[in-house]
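Comments concern the structure below.
In the text below, chain A, chain B and the rest are named by the order of the sequence lines, each starting its count at 1. Below, all heavy atoms of this structure are taken into account, side chains as well, without hydrogens, waters or symmetry copies.
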Amino acid sequence: MSKSITAKDLNVYYGDFLAVEGVNIEIAARSVTAFIGPSGCGKTTFLRSLNRMHEVLPGARVEGQLLLDDDDIYAPGVDPVSVRAMVGMVFQRPNPFPTMSIRENVLAGYKLNGARMSRSDADGIVESALRGANLWNEVKDRLDRPGSGLSGGQQQRLCIARTVAVKPEVILMDEPCSALDPISTLAIEDLIAELQQEYTIVIVTHNMQQAARVSQNTAFFNIAGSGKPGRMIEYAETSTIFNNPSNQQTERYVSGKFG
Amino acid sequence: MSKSITAKDLNVYYGDFLAVEGVNIEIAARSVTAFIGPSGCGKTTFLRSLNRMHEVLPGARVEGQLLLDDDDIYAPGVDPVSVRAMVGMVFQRPNPFPTMSIRENVLAGYKLNGARMSRSDADGIVESALRGANLWNEVKDRLDRPGSGLSGGQQQRLCIARTVAVKPEVILMDEPCSALDPISTLAIEDLIAELQQEYTIVIVTHNMQQAARVSQNTAFFNIAGSGKPGRMIEYAETSTIFNNPSNQQTERYVSGKFG
Amino acid sequence: GEANNPVAENGDENGNGENGGGETSEVQGTLVGGGASSQEAAMTAWTNGFTSVAPEAQVNYASVGSGAGRDGFLGGEYDWAGSDSAMEDEEWEQSKEICGPDGAFHIPAYISPIAVAFNVEGIDETLNLDADTIASIFSGEVTSWDDDAIAEHNEDVDLPDTPITVVHRADDSGTTDNFTEYLEAAASTWEWEASDAWPSEISAESAQQNSGVVDLTSQTDGAITYADASQIGGLNSVAVLVGEDYVEHNAEAASQAVASSTPVEGQAPNNMAVELDRDTEEAGAYPIVLAAYNIFCNEYPDQQTADLAVAFAEYLVSEEGQQTAEAAAGNAPMSEDLRSTAMDAISQISAQ
Amino acid sequence: MGDKVFSGLALLAGVAILATLVFVAVFLSFNSVGAVYREEEGLIIRQFLQYAYPLVIGTLIASLIALLLATPVAVGVALYISHFAPPRLSKSIGYVIDLLAAIPSVVYGAWGMSFLGPTLVPLYGWLHQHLSFIPLFAGSPSQTGRTIFTAGVVLAVMILPIITSVCREIFIQTPKLHEEAALALGATRWEMITMAVFPFARAGIISGVMLGLGRALGETMAVALVLSPGLLTASLISAGNSTIPAEIALGFPEAPPGSERQAQLIAIGLVLFIITLIVNMTARWIVSRHKEFSGAN
Amino acid sequence: MPWWVSLVILAVSAVLGAALSALMTFNMAIWFILTAVLYVIISYGVTRAKVSRRKATDTLWKHLVYLAFIIALLPLVSVIWSVTSIGIPGLLEPGFLASDMRGIDGTIDRRSQEEGEPVLGGIRHALVGSLLITLSATFISVPIGLMTSIYLVEYARGGPLARAITFFVDVMTGIPSIVAGLFGAAAVGWFLGVGNSLGLGLPTRSTMGITAAIALSVLMIPVVVRTTEEMLRVVPNELREASYALGVRKWRTILKVVIPTAISGIAAGVTLAIARVIGETAPILVTAGFIVSNNWNMFQGWMTALPVFIFRQFQNPTSPNFSDPSHQRAWAAALVLIIIVMGLNLTARLIATFLAPKNTGR
Ligand SMILES: Nc1ncnc2c1ncn2[C@@H]1O[C@H](COP(=O)(O)OP(=O)(O)OP(=O)(O)O)[C@@H](O)[C@H]1O
Ligand SMILES: Nc1ncnc2c1ncn2[C@@H]1O[C@H](COP(=O)(O)OP(=O)(O)OP(=O)(O)O)[C@@H](O)[C@H]1O
Ligand SMILES: [Mg+2]
Ligand SMILES: [Mg+2]
Ligand SMILES: O=P([O-])([O-])[O-]
């Protein structure tokens, strides 16, 4: 499991609006990469182009090459569904399925695809995914209650469990901790460290301490002005980015002097 | 403007479930108070009881006394609408009105009082509120575009501007920065420092650095276990809470050793 | 006698008791027809009665209206049609397509006088009127019940000054057609052409179907309407001046009017469509009569349908059939002559 | 694969509707030629229009009355269910209102004719006595209550549950977030409704009203039973006026096959088609004008 | 304001209302109306004077909303009262549901009315006909309507075809029911004609249950499309995205996430659509005919539906001069029809509750 990601001259558009321009990046397998940058610079947009979720929006499209190991996921004939099965995603706003119980939510990746499994297999998957997301103890007594009845932080962890349960190769996380208290945040960070053993992980965060704590590499995105496309300014080891960035914009941003 | 808040033995219920129990607190006028505590301990619940937003949920109710200066806002005959006009609130998830333009969003609360105003008065209010929320420069050219077209951080600042425009006595903020990048966060923290000159401010945050930066006093909430009511464990000057807490739970929480 | 308890005998194919010991027919199958609603009550009785004559046969009738009935008949949807008015020549030409070279023919099996009925508090008897006055009332010229025009014919009656509310048929209808035909022919004050639709310039209160106008009239003081005489219930009606006498509607006079009217020429040889003599001066005749035709083919595509059609048509005009209808619907039975002419006409039906 | 089949099916369903409509349109047009063309005289459009326009106006009057009466009440009831009634009761109350939709039009017709009409007679008398200077209340008041106004009221009762049902479902979907935003600004409940609920539900309300209007425009039996159709008149309180569906229902059964009358009746059916079209296009246009402010996702 | 103020206002309004209505002609209805109107106005005035203009506006609208609800109840109560008070005795007539109208003619009804014998005959055939025809129409319309709205919301994204469909669906909402009936008969007749000329051996006559179902579908489909379209549109996109991100195909996402989330609204829409057609008269009469006995076969022979039965019994009573038995049967059948629709409504709601979002909290 786990694959590397290589973007070559990737442009991401909303209709005619070029939101992210010319990204070249190589993300190693089994690593954690953080995306940082000011609001609106295109982190989410770029992240969504990594599993072809971007094109779900009307008019949205992508130019350039994006390799998963050696396969271009934007090559003609590639089925976006199979890409998404390999590249899981956790959204910024927790979005459990309101029609499903906690248990069903964890199994959604299987159940929605019509997979059949024995009760005990399913139980195993549910427990290990929820344990992985540090949620098991809180919900083990109410697995059949609706997922929407949980607190915000719990919902977010449920969504992580749901993504992990399908065992993708790559996991994308868009500000997964922004709604969480320090304890849950810590739990998720631990989870990320653990997942890194098996998965390639990309995480968007506004919290630089967090980026510093969890990631090996960090990419800094910036935007020249409103209406201009976002660009990847610098990509390097996390310690380099925070301590010794080569680009001045990066330096100003990580030192909080921006703007 | 600006009033002190005094809670006496406040219990907050969801139907039969006692979510927050026996809170006694005195919040001085023109101060910033931070509420911290783990997820689910009742910070949001208690905050919402301060402007009678809690009772909007079906079955939700409050017991005890809550004084704004010397008036009990839960006394019979008190109109919750007038309480809310005095005690403004910024939610965790930005919620601008999608059907209104940016300008209309800012004026939404102000217009309620039905005061007719000239175009130029209105312009003045819009500009000063947006400047206050550090959003003016970004949106001054598109005041007539829908508010929902802004980025998450911009939306949050728009909501703050909308709240400030009404000129309440007290402003409650529920994790206002959790969706924001560091720059916007800084802007909002500056804004809080400024608002403190005129308003009483209560802020819920998961970010202890933030609590340390912006608040004079901090209240720590905790919960004994799932299904138990949340309680206020300790309330003191911020520096005391972070450096020299008297309660052991507080100490463990602020030092990150919790759980 | 009729041991008719359909509730108990439901689900049984021929659940009706034997009928007066008459002989039963062997015909079987289903005969479907549709058309005029005027004869619906009679048709209900006929279709029921026919089951006892021909236990293996079933007859269905949909009261979709005369025009729609003829439409369905010409379109091959119905085996026969009920109609308040005779086919136009064009339609008859068209009927040759499905009914062979002689086309279709009419049998006036349902005959009923049309009563001019009213509901006025204070008048509990028959009023006498002539055609001109009736026309003036229905055209809205005479607006009060104590108008001289009415008083002139009813010297003994104490007429109240109730305003007159005219109630006519809202739907296009054969009853309206026959009534306006009478007015057109007999009244000098009536300026409109006879038609299925009530003249729109003089429209007043209206309701659907005979039952509708009768109900509305019963509810409204001062109302007057025209309706199938068998359906006016407790309403009083008008005796119409014919020649020298005022004639009340009655069954005999009605069937007499049909028997003595002019046959329509130019269609099938056995056609029985008639041109009613509306301005007759003949003593005792009641000229406002409605004859609903049942239109059958002279040739049916197969023997079974032809046999069914013959059996059913014969039953319609049989003495027993006419009595059954009279008992159930209150219409006027066909006269003896008319029945035997009809029997002859029916015997022409054959299979192709 | 599954995706192809499914989207194919969805497309097929849409196309099937189009095909049906084309079929209906062809059927109507083909059969209504006789209304505008006579062999001896050629085109007789003017005669047809003369025949059709009072019916068009009558249809519009009845539907307008129904809409004016039903929309405010329906929106009110939907609001009552979604935002005013005790939460525990609101489901059952919704069910009670749905009962109105469960009543067949024949029964409404019978009710309007035998109960509502006579009940309104004194009102018509009163209106005529005191307000006859207004053309709407001029003319001799009906003694039976079978007027276009009564028909409008019956139609209003019939479309009320349709509009209520659609509005209710949409009102309930209003994001709590926006409702709370309004309340937190110090809005009263009503102000919250105007700030958060109505703008969100705007398209849905219009959709519900259009659905109701469609029903009102096309309702046949109830109107035919309740109304005493007649000449076009501005008066709402005397007999007269008719609607297109009622005219068709009342005239069609007796219309001789292939006659001009039959063609005429089908042609006014076509006219009703066109009216519906114009009304709906207007509604769509109104909705689309504010699209970017709609808050839809 | 103290709670008793509104009671005082109510009392004052009632007295004033009584006085005013006595000035005209005293009448319970007028008294009620005046009292309600006065109560709303006085409350507004008092609140405005004593509290604030905004509070007064709020109170005013609250009262108007309550009033709307009461107004809506009036016709409901009135109609239900009419139907039940006359309908229940008919319904209690033994065999009313279990027998049909074979053998019932004017003579029998005359005896019932004149000699007080029980009213014979029932609605079994009409019940069967109505259920078969309505269910068939539902089975035709709901898939087509639902799939069309799915096409419009999920696939089409406002292309020309989608606009054409939307446009024509709008037009369909206004088709008079009789026209739908004529069209159904013509279309099926044409289809059978073509089929038979190809030697398929189809029935020659179009009058049968399925024709009615097709005609009714023309009336049902637009209702289904318009309501479900609205309901699908308000399903949040984030749920769709959550599903896609799990590698779930679009069609499965639609079936298992979007539809279950919108199911309550869809059920309401389908109920409306059924209610719309189950009471239709004219289109069924011209497409399915009218019989007095039972027929289970949708593809052969005529059928009677309840509304047609009711209508005929009202309009052309079995015995024209002794119409009480017919009216009794008609009202009882109307009651049955209402109960059926309510039953369907309840079923739809149960299904919806079963599948609906399990909402708790905010
Ligand atoms: N659906 C959309 N349609 C058009 N433009 C969009 C859309 N979503 C985002 N954008 C634009 O694309 C740019 C990048 O947005 P994106 O959401 O990727 O920013 P971000 O870096 O994730 O910001 P944040 O930290 O606030 O989440 C912004 O200018 C934004 O306005
Ligand atoms: N609408 C509701 N109905 C019932 N219980 C609720 C509701 N909202 C919250 N609760 C419960 O009340 C308790 C306090 O919740 P609250 O949202 O106040 O926590 P919090 O401290 O704000 O947590 P977080 O940091 O995750 O926002 C929790 O146990 C929660 O499950
Ligand atoms: Mg983002
Ligand atoms: Mg909270
Ligand atoms: O028989 P009619 O209903 O047309 O009078």
Are there over 12 heavy-atom neighbours, none belonging to C:Glu121, within less than 6.0 Å of that residue's CD?
no
State plainly whether the residues D:Arg261 and C:Asp196 are in salt-bridge range, i.e. N to O under 4.0 Å.
no
What's the shortest heavy-atom distance between C:Leu216 and D:Thr144, and which atoms?
CD1-CG2, 3.5 Å
Counting heavy atoms not belonging to C:Glu141, are there more than 12 under 6.0 Å from its CD?
yes
The reported gap from OG in D:Ser259 to CD in C:Glu90 (rounded to nearest 0.5 angstrom) is 10.0 Å
Please flag which part of D:Ser238 lies under 4.5 Å from any non-hydrogen atom of chain C: side chain, backbone, both or neither.
neither
To the nearest 0.5 Å, what is the distance between CZ on C:Arg169 and CD on D:Glu254?
7.5 Å
Tell me, for C:Ala204 versus chain D, whether the close heavy atoms (under 4.5 Å) come from the side chain, the backbone, both or neither.
backbone
So, the part of D:Ala224 with a heavy atom under 4.5 Å from chain C: the answer is both
How far apart are the closest heavy atoms of C:Asp71 and D:Pro257, and which atoms are they?
OD1-CB, 3.3 Å
Given heavy-atom pairs under 4.5 angstrom as the criterion, report whether the side chain, backbone, both or neither of C:Glu205 touches chain D.
both
Just give me the residue among D:Arg146, D:Gln143, D:Glu247 that pairs up with chain C most often, heavy atom to heavy atom, under 4.5 Å.
D:Arg146
When the 4.5 angstrom heavy-atom criterion is applied to C:Asp84 and chain D, the contacting part is side chain
Considering only heavy atoms and a distance below 4.5 Å, find which of C:Ala68, C:Gly69, C:Ser206 pairs most often with chain D.
C:Ser206
Whatever's closer than 4.5 Å to a heavy atom in chain D on C:Thr220 counts as side chain
